[in-house]
Amino acid sequence: MTESSFSERVYELVCRIPQGSVATYGQIAALAGNPRNARVVGYALHSNPKPGVIPCHRVVFRDGSLAPGFAFGGPERQRELLEDEGIRFIPPKDGESKPAGADGWLVDLSRCQWKA
DNA sequence: AAGTTGACCAAAA
DNA sequence: GTTTTGGCCAACT
């Protein structure tokens with residue numbers, strides 16, 4: 001094995017997310033080998049060692065919302081990108097509860113959550 | 001070298 | 001029902 005760092009593995013996994021699918025931080029962490037290490041996943045992406053190479057917009061919260069100000073240019077931009085990739089978005093319904101990070105639009109994890 | 005923070009997640013008060 | 005705390009592990013100061 002060449003390099004085995006948690007972040008490295010995270011980048012690899014995130015880069016491996018197929019177009020039209022999204023993964024949650026917890027899932028990436030779990031796939032990386034540490035289901036409790038979701039924070040480090042976010043930290044790794046925040047570090048953004050490879051700008052333009054890592055599709056951070058495909059990584060979302062457990063609720064299906066994204067980071068409201070860290071994803072990239074803007075939340076609407078992300079919605080456009082994901083939607084363009086074929087990801088189904090769900091408008092904030094009254095019964096959804098929870099604050100919506102990105103504009104209130106949540107990714108339909110029921111359909112687009114990436115499966116290893 | 002040690003302490004603090006952090007793109008999270010889940011449970012308890 | 002909402003708000004706060006706890007906990008994991010790695011990187012930053």
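Residue numbers start from 1 in every chain, and the chains themselves are labelled A, B, ... in the order their sequence lines are given, proteins ahead of strands.
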- Would you say a side-chain N or O of A:Ser7 is under 4.0 Å from OP1 or OP2 of C:dA11?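 The answer is yes; a side-chain N or O of A:Ser7 sits under 4.0 Å from OP1 or OP2.
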- Item | Side-chain N or O of A:Ser5 closer than 4.0 Å to phosphate OP1/OP2 of C:dA10 |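 Indeed not, no polar side-chain atom of A:Ser5 lies that close.
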- Item | A:Tyr11 side chain to A:Ala44 backbone, donor-acceptor under 3.5 Å | yes
- Message: Checking the side chain of A:Asn34 only, and the main-chain atoms of A:Arg36 only, is there a donor and an acceptor separated by less than 3.5 Å?
- Response: no
Tell me the interatomic distance from [X], atom [atom1], to [N], atom [atom2], rounded to whole angstroms.
X       : N      : atom1 : atom2 : value
A:His46 : C:dC9  : NE2   : C1'   : 17 Å
A:Asn34 : C:dA11 : CG    : C1'   : 15 Å
A:Phe61 : B:dC8  : CZ    : C1'   : 7 Å
A:Leu13 : B:dA7  : CG    : C1'   : 16 Å
A:Leu45 : B:dA7  : CG    : P     : 11 Å
A:Asp63 : B:dA7  : CG    : P     : 16 Å
A:Tyr11 : C:dA10 : OH    : P     : 13 Å

Compare the minimum distances between each of [options] and the side chain of [X], then state the nucleotide with the smallest one.
X       : options              : answer
A:Arg36 : C:dC8, C:dA10, B:dC8 : C:dC8
A:Arg62 : C:dC8, C:dC9, B:dC9  : B:dC9
A:Arg39 : C:dC8, C:dC9, B:dC9  : C:dC8

- Query: Closest nucleotide of DNA chain C for A:Asn37 versus for A:Ser47: which of these residues is on the 5' side?
  - Reply: A:Asn37
- Query: Rounded to the nearest 0.5 Å, what separation is found between the CG atom of A:Leu45 and the CZ atom of A:Arg58?
  - Reply: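 It is 13.0 Å, given to the nearest 0.5 Å.
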- Message: To the closest 0.5 Å, what do you measure between CD1 (A:Ile90) and CG (A:Leu106)?
- Response: 6.5 Å
